[in-house]
Every structure is written in structure tokens, then in C-alpha cells.
**Student:** 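One structure, as C-alpha cells, below. Some questions next.
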2 protein chains.
Amino acid sequence: MTAKCLCKSVPDAEMRKINKGLPESETIDYLSDFFRVFGDSTRLRILYFLSRHEFCVADLAILTGMQQSAVSHQLKILRLHRLVRSRRDGTTIYYALDDLHVQKVFDIALEHVKESFK
Amino acid sequence: MTAKCLCKSVPDAEMRKINKGLPESETIDYLSDFFRVFGDSTRLRILYFLSRHEFCVADLAILTGMQQSAVSHQLKILRLHRLVRSRRDGTTIYYALDDLHVQKVFDIALEHVKESFK
DNA sequence: GCGATATATGAACACATATTCATATATAAG
DNA sequence: CTTATATATGAATATGTGTTCATATATCGC
């Protein structure tokens, strides 16, 4: 892959600099995975509820209106991406947010939504 | 769907408050759509390049190592979500970022990546 | 008008993913 | 040990999505 600009609109030196600045593919993949987790309405609702209080799986099923199994599957994804953590109390397992950035990500996305609706 | 907590860990009043605070489904869907756009490595690379300079489609194809058609399809998605805009100059069409939040979203995601790698 | 070039688009395909159903696991109470 | 309850998990299915290929559209120069 050459870094030469076909359109001649960008100087070669600038072109190489930009091309070099691209994060390595491992980072890009990690980032896209991270965003994809937020790209599902069920997971977003779960994250919202957990941003307000810890909840057990059954409660999250009621709150989201999903089946327990569906919630459990999604919680696993959130756990693997370290966005939530769980603690056991008897047979009940409580989930809570485990990432400081979740709230920030929410806020900025909401800003975007507001802008787009103008 | 009742708002009563099965686990009795959350007072009913608090439960109702949290349930009421959930953004309406239209907003949730809009948010998840927004995040899903970032959830693809090709689109992320395109957004990175456009965050540095405007580029024509052919250049983006070279930079990303993808076919022109693939890039064009992804640009359409980015356009529909108002993350990029385009201007025509003869037969060439230049794309540029069209959202102030893109950079912010990138930054926070990168923070998350750094934290997770600790 | 014609040909050349840049981009866009539709169909087809392969692959990913969210949900459901049935069932397994784990803990507690008796 | 048995039963009941909460959660997790595997298989199946339906739906969504990214890429490729072929082709259409749009603009420019002649």
C-alpha cells in the first residue's frame, strides 16, 4: 500500500505523517469491539440501569422486559469487556458498573443526539 | 412490566424513579445506532484519516487498503449518520468530518483502552 | 455526441449476532 | 440427599452486516 495521494491534494510528507499516525490494527480492533458493545439497545438499557444502582439478573430481566436468558447472555458480553462486575450473594448474583468511562461515553453520545435533533 | 424489585434490594420508590429515568426507546435506539457506526474497524480507520485531513474516496481506499466500493458503502453509512460531509470538485468527491463529537468519542475510547491494558 | 475517470449502488454471499428454548450448574434450606 | 431457586450456557434460528462483483451514474475534456 503506497502512501502517495492520487488526488494530489495532500503533500506526500503530510500523507506519510497521517498514515504513520494511524493506531495499530490491534488498537483499532479493540476500539471497534468496545463501541460495538454499546451498539445494542438491550445492552444500553442494562448499562443505564446499572449506572443508577446494582441489580440482580432477575431484576434486570424485569426492567428491560427481556427473558432472563437473554439478559444473562448480554451480561456475559458486558463482563468480558469489563464494563460490569458481579458479586454473588447466595444464589443471587448482583451486577454493577465496572468502568469509569461508561458515564462519559453516554454523555457525549447524548450530546450528539441532541445536536442531530436540532 | 412491573417495577417491583424481586430481590428486595432496592426500595420501590427508588425503583420507580430509576425506571422512569430510562430514556425513551426512540432515544435508546438512536444511541445504539450511533455507537454501532463506530463498531467497525474500517469505519474507524476512515474516521481517523478524516480527523486529520479531508480525502477523496480513492485516497481513502488506498489508505485503508480496501476496495473503492467498500469504502463508498461505508462512507454512505457515515454520511447518513452525519458524521462526515462531502463536497464535489469535478468528478472527485472529497469527504471531511462533520461532527464535533467524533474526536471526543475517540479520546474517551482510547482512555478505556489504556485502562484495560493496565 | 463520445470516451475516460471518479464515485455510487444493487445483488449475492459469507459471516456475525441477538434471541429463544431447553438444560446445566450452583447455592441454600429442609 | 433432595428440592427449590437463581443464574449460566449450548444449540438452533432468524436477522443484520461487511465485502465483493458487476454495473450505473455523473462529470470532464475532446
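Sequence lines set the chain letters: A, B, ... in the order given, protein chains first and strands last, and positions in each chain run from 1.
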**Student:** If we ignore hydrogens and angles and just use 3.5 Å, is the side chain of A:H53 paired with the main-chain N or O of A:F49 as donor and acceptor?
**Tutor:** no

**Student:** Can you tell me how far P of C:dT27 sits from CZ of A:R87, to the nearest Å?
**Tutor:** 15 Å

**Student:** Has the side chain of B:R43 got a donor or acceptor atom that lies under 3.5 Å from a matching backbone atom of B:V37?
**Tutor:** yes

**Student:** Which comes earlier along DNA chain D counting from the 5' end, the contact point of A:Y94 or that of B:G39, where each point is its nearest nucleotide?
**Tutor:** A:Y94

**Student:** Which is true for B:S69 with a 4.0 Å heavy-atom rule: it touches a base, it touches only sugar-phosphate, or it touches nothing?
**Tutor:** base

**Student:** Can you check the A:L80 CG to C:dT17 C1' distance for me, whole Å?
**Tutor:** 15 Å

**Student:** Hey, does the side chain of B:R36 come within less than 4.0 Å of D:dT17's phosphate (OP1/OP2), counting only N and O?
**Tutor:** yes

**Student:** Indicate whether OP1 or OP2 belonging to C:dC21 is found under 4.0 Å from a side-chain N or O atom of A:Q67.
**Tutor:** yes

**Student:** Only one of B:I62, B:T92, B:D89, B:T91 clears side-chain contact (heavy atoms from CB on, under 4.5 Å) with B:C56; which?
**Tutor:** B:T92

**Student:** Using a 4.0 Å heavy-atom cut-off, does A:Q74 contact any base of the nucleic acid, only the sugar-phosphate backbone, or nothing at all?
**Tutor:** sugar-phosphate

**Student:** Starting at the 5' end of DNA chain C, which residue's closest nucleotide do you reach first, B:V57 or A:A70?
**Tutor:** B:V57

**Student:** Please pick, from D:dT17, D:dA6, D:dC28, the nucleotide with the shortest atom-to-atom distance to any side-chain atom of A:T92.
**Tutor:** D:dA6

**Student:** When the distance from CG of A:L44 to P of C:dA18 is rounded to whole Å, what number comes out?
**Tutor:** 11 Å

**Student:** Which atoms form the tightest heavy-atom contact between B:R45 and B:T64, and what is the distance?
**Tutor:** NH2-O, 3.5 Å

**Student:** With sugar-phosphate meaning primed atoms plus P, OP1 and OP2, does A:I77 contact a base, only sugar-phosphate, or nothing at under 4.0 Å between heavy atoms?
**Tutor:** sugar-phosphate

**Student:** So, does A:S72 get its side chain near the phosphate of D:dA8, meaning an N or O under 4.0 Å from OP1 or OP2?
**Tutor:** yes

**Student:** D:dG18, OP1 or OP2 - any side-chain N/O from B:R43 closer than 4.0 Å?
**Tutor:** yes

**Student:** Distance-only, no hydrogens or angles: does the B:Y48 side chain make a donor-acceptor pair with backbone N or O of A:L22 under 3.5 Å?
**Tutor:** yes

**Student:** What's the closest nucleotide to the B:R79 side chain, out of C:dT9, D:dA26, D:dG18?
**Tutor:** C:dT9

**Student:** Answer yes or no: does a side-chain N or O of B:Y95 lie under 4.0 Å from OP1 or OP2 of C:dA8?
**Tutor:** yes

**Student:** Hydrophobic cluster membership, with links at side-chain heavy-atom distances under 4.5 Å among I/L/V/M/F/W/Y: are B:F35 and B:L97 in one?
**Tutor:** yes

**Student:** Can you tell me whether the side chain of B:Q68 and the base of C:dA6 have a donor-acceptor pair closer than 3.5 Å?
**Tutor:** no

**Student:** Starting at CZ of A:F55 and ending at C1' of D:dA6, how long is that distance when rounded to a whole Å?
**Tutor:** 17 Å

**Student:** Can you tell me how far C1' of D:dA6 sits from CG of A:L60, to the nearest Å?
**Tutor:** 13 Å

**Student:** Mind checking A:A58 for me? I need base, sugar-phosphate or nothing, with any heavy atom below 4.0 Å counting as a touch.
**Tutor:** sugar-phosphate

**Student:** For D:dT9, does either OP1 or OP2 sit under 4.0 Å from a side-chain N or O belonging to A:K76?
**Tutor:** yes

**Student:** Starting at CG of B:L75 and ending at C1' of C:dA8, how long is that distance when rounded to a whole Å?
**Tutor:** 10 Å

**Student:** Figure out the CG/P separation between A:D29 and D:dG18, and round it to whole Å.
**Tutor:** 14 Å

**Student:** When you compare the ring of B:H73 with the six-membered ring of C:dT9's base, are the centres less than 5.5 Å apart and the planes under 30° from each other?
**Tutor:** yes

**Student:** Looking only at side-chain atoms of A:T42, point me to the closest of C:dT5, C:dT19, C:dA26.
**Tutor:** C:dT19

**Student:** Measure CD1/B:I93 against C1'/D:dT25 and give the value in whole Å, please.
**Tutor:** 10 Å

